[in-house]
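Just below is one structure, and these are the notes that go with it.
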Amino acid sequence: MRTVDKPWGKEEIWAETDRYLGKFLYINEGEMLSRQYHEEKDETIIVMEGPLRLEIGEPDTDGYNVFELGVGMSYHITPNTIHRFCANEGTPVKLAEVSTPEIDDVVRLEDKYKR
């Protein structure tokens, strides 16, 4: 297993092949990933500990939705879907993610960590 520290928490990559990628995401309480999309990467997440606040689309647009996903709930994110994963204040989040292998396919639209 390979651990990658992030400003919002960390990722633990537990499977990495030329066909798929499996990882755990640990989001610290009150933190969030960047608002982003992937040009090729197709991913599905399941909440292991939470709840997760999932933002889909861009704020102030018709396609913007916010979902609260509890433990055991999953969501499929197709390429070019704008999304953001967030942990509420007081509650860290753990996700399991399986995806296609394009680990560096991230287009950041907004990022509180200035990346």
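Note that the coordinates shown come from a computational prediction; the quantities given were computed from them, not determined experimentally. Side chains are part of it too, since the values below use all heavy atoms of this structure and drop only hydrogens, waters and symmetry mates. In this chain, residues are counted from 1 in sequence order.
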For the residue pair S34 and R115, establish whether any side-chain heavy-atom pair is separated by less than 4.5 Å. yes
Can you name the salt bridge (charged side-chain N to carboxylate O under 4.0 Å, His left out) partners of K112, sequence neighbours left out? E31
Can you get from F85 to I56 by hopping between Ile, Leu, Val, Met, Phe, Trp and Tyr side chains that sit under 4.5 Å apart? yes
When rounded to the nearest 0.5 angstrom, what distance separates OG1 in T91 from CG in N28? 12.0 Å
Within the 4.5 Å heavy-atom criterion, are F24 and E11 side-chain neighbours or not? no
Heavy-atom side-chain proximity of R84 to Q36 below 4.5 angstrom: no
With rounding to the nearest 0.5 angstrom, report the CG to CG distance, L95 to L54. 9.0 Å
Can you check whether E12 reaches R2 side chain to side chain, under 4.5 Å on heavy atoms? no
With side chains defined as the heavy atoms from C-beta onward, is the minimum distance between I13 and M1 less than 4.5 Å? no
About how many Å separate CG of D104 and NE2 of H38, when rounded to the nearest 0.5 Å? 11.0 Å
Here the gap from E16 atom CD to W14 atom CH2, rounded to the nearest 0.5 Å, amounts to 12.0 Å
Heavy-atom count check: over 12 atoms from other residues, nucleotides or ligands less than 6.0 Å from Y113 OH? yes
Heavy atoms, side chains only, cut-off 4.5 Å: are V93 and Y26 in contact? no
Could you state whether V47 and M32 fall into the same hydrophobic cluster, counting links through intermediate Ile, Leu, Val, Met, Phe, Trp or Tyr residues with side-chain heavy atoms under 4.5 angstrom apart? no
Show your working on side-chain contact (heavy atoms from CB on, under 4.5 Å) between N88 and E68 and close with a plain yes or no. CA-CA 10 Å; N88 297 321; E68 291 285 331; 3.6 Å; yes
Of the non-hydrogen atoms in D42 and P79, which two are nearest, and what is the gap between them? OD2-CD, 3.6 Å
For D62, is the CG atom crowded, meaning more than 12 foreign heavy atoms sit under 6.0 Å from it? no
Does the distance from a Lys or Arg side-chain N to an Asp or Glu carboxylate O, for E110 and R108, drop under 4.0 Å? no
Under a 4.0 Å N-O cut-off, is there an ion pair linking K41 with E102? no
So, R35 and E55, do they make that salt bridge, N to O below 4.0 Å? yes
Check T81 against Y37 and note the closest heavy-atom contact, atom names and distance. O-CB, 3.5 Å
Side chains of V98 and E43: does their closest heavy-atom pair fall under 4.5 Å? no
Which heavy-atom pair separates G57 from Y64 by the least distance, and what is that distance? O-CD1, 3.6 Å
Test item: D105 side-chain N/O and E39 main-chain N/O as donor-acceptor pair under 3.5 Å: yes
Do L21 and V4 belong to the same hydrophobic cluster, where Ile, Leu, Val, Met, Phe, Trp and Tyr are linked whenever their side-chain heavy atoms lie under 4.5 Å apart, directly or via other members? yes
Check which hydrophobic residues are tied to M48 through side-chain heavy-atom contacts below 4.5 Å, counting indirect links as well, and list them. I46
Between I82 and I77, is there a shared hydrophobic cluster once you connect ILVMFWY residues whose side-chain heavy atoms come closer than 4.5 Å? no
Does any part of the side chain of I45, heavy atoms only, come nearer than 4.5 Å to the side chain of L25, both counted from C-beta? no
Looking at R19, I want to see if its CZ is surrounded by more than 12 non-hydrogen atoms of other residues, nucleotides or ligands under 6.0 Å. no
Hydrophobic cluster partners of V106 (side-chain heavy atoms under 4.5 Å): none
Give a yes or no on whether I27 and F67 share a hydrophobic cluster (residues Ile, Leu, Val, Met, Phe, Trp, Tyr; joining criterion: side-chain heavy atoms under 4.5 Å apart). yes
